Every structure is written in C-alpha cells, then in structure tokens.
Amino acid sequence: MKKIFEYIRQETAAGHDLVLASIISQEGSSPRGLGAQMLVGAEGRLCGTVGGGAVELQCIRFGQKVLEEKQSCEKFFSLTPKAKENIGMVCGGDVTVWFQYIDSSLSFWGEFSELLLTKMEERIPGWLVLHQEGGLPSFAEAGVEGEKELPGIGDFGRREGQVFLPIPIGERAVIFGGGHCSQALVPILNTVGFRVTVMDNRSEYASRELFPGAEAVICGDFRKLSEHLVLSESDYVVIMTNGHSFDYEVERQVLQNPPCYVGAIGSQHKKEFVNGKLREAGIAESVIQQVHCPIGTAIRAVTPEEIAISIAGEMILERARMREGEKGSHHGCPMS
C-alpha cells in the first residue's frame, strides 16, 4: 500500500488519472487475498498486484475501461474453468474487485496520499475505507471516538457500503548483531513488510551506513538490553551476535518474556552450549524449545545472502501461521 500511494501522489501531481483495483471479496483459492491492490494507468499496470496471470490482465483491461468512463465500480471474477465467463484461471475460487477512479484534478488525492503515508510512517493503525456508493475514500483510525464497529486492528472488514482495508504498519523484527548476515537480511525484511531494529555492541557495526533501511540502529551492551529497548510479545527476534556468550546473554533476557518468534543462528554444538546455560539460568525447557535454532528454512544456505533468504522465509512462514491462528482462517496461498 505504501508504494501504491507514493505512486498516486506522484502521478496525480503530474496530472495523470488512475484507477486503484482492490480485492474486496474472496471465496475459495485465489493467488492473492483480501486487500490486495494494483494501480492502473492509461498505459497499464503501474505497481501492485491482484494475483498475476489472467485475472490481473482482466483487471488491467477493466481498469483502463473505468479510466475512460471515470466512474468507480466493482467487478466479479471467477477463477474456475467451469465459470460462465472463463478467464483462463484454474485456482477454483472467486474474487470481487473494487475499481476506484482517481481524478487527478482533485487536490484531495495528493492530500489523502500524504495522510496515509504519514500514518504508515508513524506506525499508526487504521484503515483505508472505500465507499462503494462511489464517493472518495477516507481514513479510519483505531480508537478514535465516534468510529463504531471497526474491525480488529490489522483486520479486513466490511459493513454496508464500506470496505475497510488495514493500513500496513508491519511487524517489528529486532536483530541482535550487525554482521554480514544481518546486513543481507535487513533489505529483504524491508521488502516483505517487517520494520527492522538492529543492535550491536560494536560501534562500527551499529552503523546507519550499514543499515540504511532499518527503523532504528542501536549500539549497546548485549548484557543490558532493557537499557536500550523494550521487546513486546508481537516482536520477531533474530540473534546473530559476535559470540556464543553474547548469544546466550541475549537469549536469556529475551526468553524472560518471550516474543512471538525467536531465532538464533549457529551449529548444533552452539545450540547445546547455549541451551545448557539457559537451563542453568532457570529458563523452562518448554520456552527453550520455542527458539528456532538453527534459524531459517533448510535450503542448504552458505553465503550471507543465502542465509538471509533462509531466515526471511522462515519468518514469513511463522508470521502467516500466527495470523491464520489468530483469525481462524487460511489465505489459500498456492505455495502452501
């Protein structure tokens, strides 16, 4: 959503009308789920995706038609070969897409894009509200007096004539250690929606130059984490410090009040060393076993870049599991 509204701000300032396509209803299996968005201009897709393939091509063509007619509307697409209007998809599900016409002559769009981008930058939870009677969208902020029947924070929602798309504020990933693997990992996590904090006890590794995409970079003592940051149960912690003893010190403190994900890099020997010391420190075995060590999916990664992909893959999987567990749903990912 951030990139889409950056485009909207830029393109409308240049006088280009646009169409924002958003999936507002989904049944069965589909390439993308509720809230997936794509921005369409006169020449075609500008950014975002509603699933690729035939459904995306149909959405681009329909979006260009909306652009000509200058009227917002919705359209249903069946992704099954038995559908009356067969678009060449075999996923087996259905999606309904809302096509929001964006008139560049209205100053509203530049101002509204700036508002949403500010909310995302400041990590303020809320919703982009689409009004299906054809009016301009609005922003609903969580906890604001007068706003009733809002969805849960981060949830998609609908009520008569309105669709609520959650503003992505991202889960926080806290990486302890600023070495080569961390330097490769941070840019990847940025692209998949995590906001990243990096901490190292060496000033040359706790550097903004090394981590330009991090939300925060901290230089501090690994033995005194509480002096530098406060972890929450929704954080994702990655431990890759410059030594076994530092890994232990970080794990010992982190596991006092475990976040939703803890992963630690290292060999089986290192795992046994750290786990032994954690037991001596009184950490419960059930808590120790929650740590992902060795961290990452098993893709035989060797280089820092490969290791970063392995770690990011595991974090994406765990995030998806937690989201589905909380909401009792499954997003129908074709790669599950």
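Everything numeric here is computed off the predicted structure, so don't read it as measured data. Here, residue 1 is the first one in the sequence, and each next residue gets the next number.
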S.K.: Is a side-chain N or O of Gln253 found less than 3.5 angstrom from the main chain of Glu249, in a donor-acceptor match?
M.R.: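 Pair found, side chain donor or acceptor close to backbone of Glu249.
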S.K.: To the nearest 0.5 Å, how far apart are CZ in Phe211 and OG1 in Thr197?
M.R.: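 These two atoms lie 11.5 Å from each other.
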S.K.: If you group Ile, Leu, Val, Met, Phe, Trp and Tyr by side-chain heavy-atom gaps below 4.5 Å, do Ile309 and Tyr236 land in one group?
M.R.: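 No, because Ile309 and Tyr236 fall into different hydrophobic clusters, even though each may have its own neighbours under 4.5 Å.
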S.K.: Report, as yes or no, whether the 6.0 Å neighbourhood of atom NZ on Lys270 holds more than 12 heavy atoms from other residues, nucleotides or ligands.
M.R.: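 Yes.
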S.K.: What are the two closest heavy atoms between Glu204 and Leu210, and how far apart are they?
M.R.: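 Shortest heavy-atom contact: O-CD1, 3.4 Å.
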S.K.: With side chains defined as the heavy atoms from C-beta onward, is the minimum distance between Phe194 and Met315 less than 4.5 Å?
M.R.: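 Yes. Closest side-chain heavy atoms under 4.5 Å.
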S.K.: Which is it for Val237 and Glu251 under the side-chain contact (heavy atoms from CB on, under 4.5 Å) test, yes or no, and what are the steps along the way?
M.R.: CA-CA 9 Å; Val237 169; Glu251 273 195 62; over 6 Å; no
S.K.: Any chance NE2 of His131 has more than 12 other-residue heavy atoms, nucleotides or ligands included, within less than 6.0 Å?
M.R.: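 Counting other residues, nucleotides and ligands, NE2 of His131 exceeds 12 neighbours.
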S.K.: Let me check something: do Met322 and Leu255 share a hydrophobic cluster, defined by ILVMFWY side-chain heavy atoms less than 4.5 Å apart, either directly or through other members?
M.R.: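 In one cluster with Met322: Leu255, no.
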S.K.: Mind checking the CD1-SG spacing from Ile265 to Cys293? Nearest 0.5 Å is all I need.
M.R.: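 Rounded to the nearest 0.5 Å, the CD1-SG separation comes out at 9.0 Å.
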S.K.: Check whether more than 12 heavy atoms from other residues, nucleotides or ligands sit under 6.0 Å from atom CD of Gln256, and answer yes or no.
M.R.: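 More than 12 heavy atoms, drawn from other residues, nucleotides or ligands, come within 6.0 Å of this atom.
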S.K.: For the CD atom on Glu133, are there more than 12 heavy atoms of other groups (residues, nucleotides or ligands in this structure) within a distance under 6.0 Å?
M.R.: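 Correct, the count exceeds 12.
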S.K.: Of all heavy-atom pairs between Leu117 and Lys2, which one has the smallest distance, and what is that distance?
M.R.: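 Smallest interatomic distance, heavy atoms only, reads CD2-O, 3.5 Å.
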S.K.: Nearest 0.5 angstrom please: Arg321 CZ to Ile316 CD1, how far?
M.R.: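 Between atom CZ of Arg321 and atom CD1 of Ile316 there are 13.0 Å.
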S.K.: Assigning hydrophobic clusters by single linkage (Ile, Leu, Val, Met, Phe, Trp, Tyr; side-chain heavy-atom cutoff under 4.5 Å), is Leu106 placed with Leu130?
M.R.: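 Yes; Leu130 is reachable from Leu106 via cluster members.
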S.K.: Got more than 12 heavy atoms from elsewhere within 6.0 Å of CD, Glu285?
M.R.: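 Yes, the 6.0 Å shell around CD holds more than 12 heavy atoms from other groups.
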S.K.: Please answer whether the main-chain N or O of Glu306 pairs with a side-chain N or O of Ser310 as donor and acceptor at a distance below 3.5 Å.
M.R.: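 Such a contact is absent between Ser310 side chain and Glu306 backbone.
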S.K.: Can a salt bridge be assigned to the pair Glu215 and Arg172 using a cut-off of 4.0 Å between side-chain N and carboxylate O?
M.R.: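 No, Glu215 and Arg172 are not salt-bridged.
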S.K.: Look at the side-chain heavy atoms of Ile, Leu, Val, Met, Phe, Trp and Tyr, link any pair under 4.5 Å apart, and say whether Val186 and Ile188 land in one connected group.
M.R.: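 No, separate clusters.
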S.K.: Report yes or no: does Arg202 contribute a side-chain atom to a donor-acceptor pair with the main-chain N or O of Gly177 at less than 3.5 Å?
M.R.: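 No: the side chain of Arg202 does not pair with the backbone of Gly177.
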S.K.: Is the NZ or CZ atom of Lys75 both under 6.0 Å from the centre of the six-membered ring of Phe62 and within 45° of that ring's axis?
M.R.: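 Judged by the rule (NZ or CZ under 6.0 Å from the ring centre, within 45° of its axis), Lys75 counts as positioned above Phe62.
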S.K.: Is any side-chain heavy atom of Lys277 closer than 4.5 Å to a side-chain heavy atom of Arg252?
M.R.: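 SC-SC contact between Lys277 and Arg252 ruled out.
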S.K.: Taking all non-hydrogen atoms of both residues, which atom of Val50 and which atom of Ala21 are closest, and how far apart?
M.R.: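 Minimum heavy-atom contact is CG1-O, 4.0 Å.
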S.K.: Is the backbone N or O of Gly213 less than 3.5 Å from a side-chain atom of Arg208, with the two atoms forming a donor-acceptor pair by type?
M.R.: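 Checking the backbone N and O of Gly213 against the side chain of Arg208, no donor-acceptor pair under 3.5 Å is found.
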S.K.: Indicate the ring-plane relationship of Phe112 and Phe108, choosing parallel, tilted or perpendicular according to the 30° and 60° boundaries.
M.R.: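 Ring orientation, 0 to 90° scale: parallel.
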S.K.: Does the side chain of Gln64 pick up a donor-acceptor pair with the side chain of Arg61 at under 3.5 Å?
M.R.: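 Distance-only check fails for Gln64 and Arg61.
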S.K.: Is there a side-chain contact between Val97 and Ser22, using heavy atoms and a 4.5 Å cut-off?
M.R.: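 SC-SC contact between Val97 and Ser22 ruled out.
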S.K.: Can a side-chain donor-acceptor contact be found between Gln100 and Trp98 if the only test is distance below 3.5 angstrom?
M.R.: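 Yes - a donor-acceptor pair under 3.5 Å links their side chains.
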S.K.: Can you find a heavy atom in the side chain of Gln162 that is under 4.5 Å from one in the side chain of Arg159?
M.R.: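 A side-chain contact under 4.5 Å exists here.
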S.K.: Can you confirm whether Glu56 sits close enough to Thr49 that some side-chain heavy atom of one is under 4.5 Å from a side-chain heavy atom of the other?
M.R.: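 A side-chain contact exists here, since the closest heavy-atom pair is under 4.5 Å.
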S.K.: With no hydrogens and no angle check, is any side-chain donor or acceptor of Thr297 less than 3.5 Å from a backbone partner on Ile299?
M.R.: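 A pair under 3.5 Å: no.
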S.K.: Do His292 and Ile311 have side chains that get closer than 4.5 Å, going by heavy atoms?
M.R.: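 SC-SC contact between His292 and Ile311 ruled out.
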S.K.: Do Cys59 and Phe77 have side chains that get closer than 4.5 Å, going by heavy atoms?
M.R.: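 They are in contact (side-chain heavy atoms under 4.5 Å apart), so the answer is yes.
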S.K.: Under 3.5 Å, is there a donor on one side chain and an acceptor on the other for Gln10 and Glu6?
M.R.: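 The criterion, which ignores hydrogens and geometry beyond distance, is not satisfied for Glu6 and Gln10.
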S.K.: Would you check, one step at a time, whether the test side-chain contact (heavy atoms from CB on, under 4.5 Å) holds for Cys260 with Asp235?
M.R.: CA-CA 6 Å; Cys260 67; Asp235 287 333; 6.0 Å; no
S.K.: Decide yes or no for Leu18 and Ile8: does some side-chain heavy atom of the first lie under 4.5 Å from some side-chain heavy atom of the second?
M.R.: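 Touching, per the 4.5 Å side-chain cut-off.
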S.K.: Please tell me whether Val174 and Val291 are part of a single hydrophobic cluster in this structure, the criterion being side-chain heavy atoms less than 4.5 Å apart.
M.R.: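 Val174 clusters together with Val291.
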S.K.: Under 6.0 Å from the six-membered ring centre of Phe246 and within 45° of its axis: does the NZ or CZ of Arg223 meet both?
M.R.: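 So Arg223 doesn't make the cation-pi contact.
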S.K.: Looking only at side chains, do Glu314 and Tyr261 share a donor and an acceptor under 3.5 Å apart?
M.R.: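 Yes.
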S.K.: Walk me through it: do Met1 and Leu165 pass the test side-chain contact (heavy atoms from CB on, under 4.5 Å)?
M.R.: CA-CA 10 Å; Met1 189 180 289; Leu165 305 181; 4.2 Å; yes
S.K.: Using a distance-only test with no angle check, is there a side-chain donor-acceptor pair under 3.5 angstrom linking Ser104 and Glu11?
M.R.: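 Checked: Ser104/Glu11 side chains show no N/O donor-acceptor pair below 3.5 Å.
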S.K.: Could you measure the distance from the CD atom of Glu280 to the CG atom of Asn275? Nearest 0.5 Å is fine.
M.R.: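 The distance works out to 11.5 Å.
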S.K.: Looking just at side-chain N and O atoms, do Glu74 and Thr96 make a donor-acceptor pair shorter than 3.5 Å?
M.R.: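 Side chains of Glu74 and Thr96: no pair found under 3.5 Å.
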S.K.: How far apart are the closest heavy atoms of Ser182 and Ile175, and which atoms are they?
M.R.: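 Closest approach of Ser182 to Ile175: OG-CG2, 3.3 Å.
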S.K.: What's the shortest heavy-atom distance between Pro259 and Val254, and which atoms?
M.R.: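 So the two residues come closest at CD-CG1, 3.5 Å.
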S.K.: Are the side chain of Ser113 and the backbone of Gly110 linked by a donor-acceptor contact shorter than 3.5 Å?
M.R.: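 Answer holds: no.
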S.K.: Under 4.0 Å between a side-chain nitrogen and a carboxylate oxygen: does that hold for Glu114 and Arg9?
M.R.: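 Arg9 and Glu114: salt-bridged.
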S.K.: Classify the ring geometry between His269 and His244 as parallel (under 30°), tilted (30 to 60°) or perpendicular (over 60°).
M.R.: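 Answer is tilted, since the angle falls between 30° and 60°.
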S.K.: How long is the gap from CD on Glu209 to CD on Gln183, to the nearest 0.5 Å?
M.R.: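 That separation rounds to 11.5 Å.
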S.K.: With Phe176, which of Val238, Leu225, Asp200 fulfils side-chain contact (heavy atoms from CB on, under 4.5 Å)?
M.R.: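 Checked Val238, Leu225, Asp200 against Phe176; only one passes side-chain contact (heavy atoms from CB on, under 4.5 Å): Leu225.
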S.K.: Between Phe5 and Leu128, does a side-chain contact (heavy atoms from CB on, under 4.5 Å) hold up when you go through it step by step?
M.R.: CA-CA 11 Å; Phe5 277 90; Leu128 165 64; 4.0 Å; yes
S.K.: Distance from Asp247 atom CG to Ile239 atom CD1, nearest 0.5 Å?
M.R.: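 Going from CG on Asp247 over to CD1 on Ile239, the span is 6.5 Å.
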S.K.: Looking at every heavy atom in both Trp127 and Ile167, which two are closest together, and how far apart are they?
M.R.: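 Nearest heavy atoms, Trp127 then Ile167: N-CG1, 3.8 Å.
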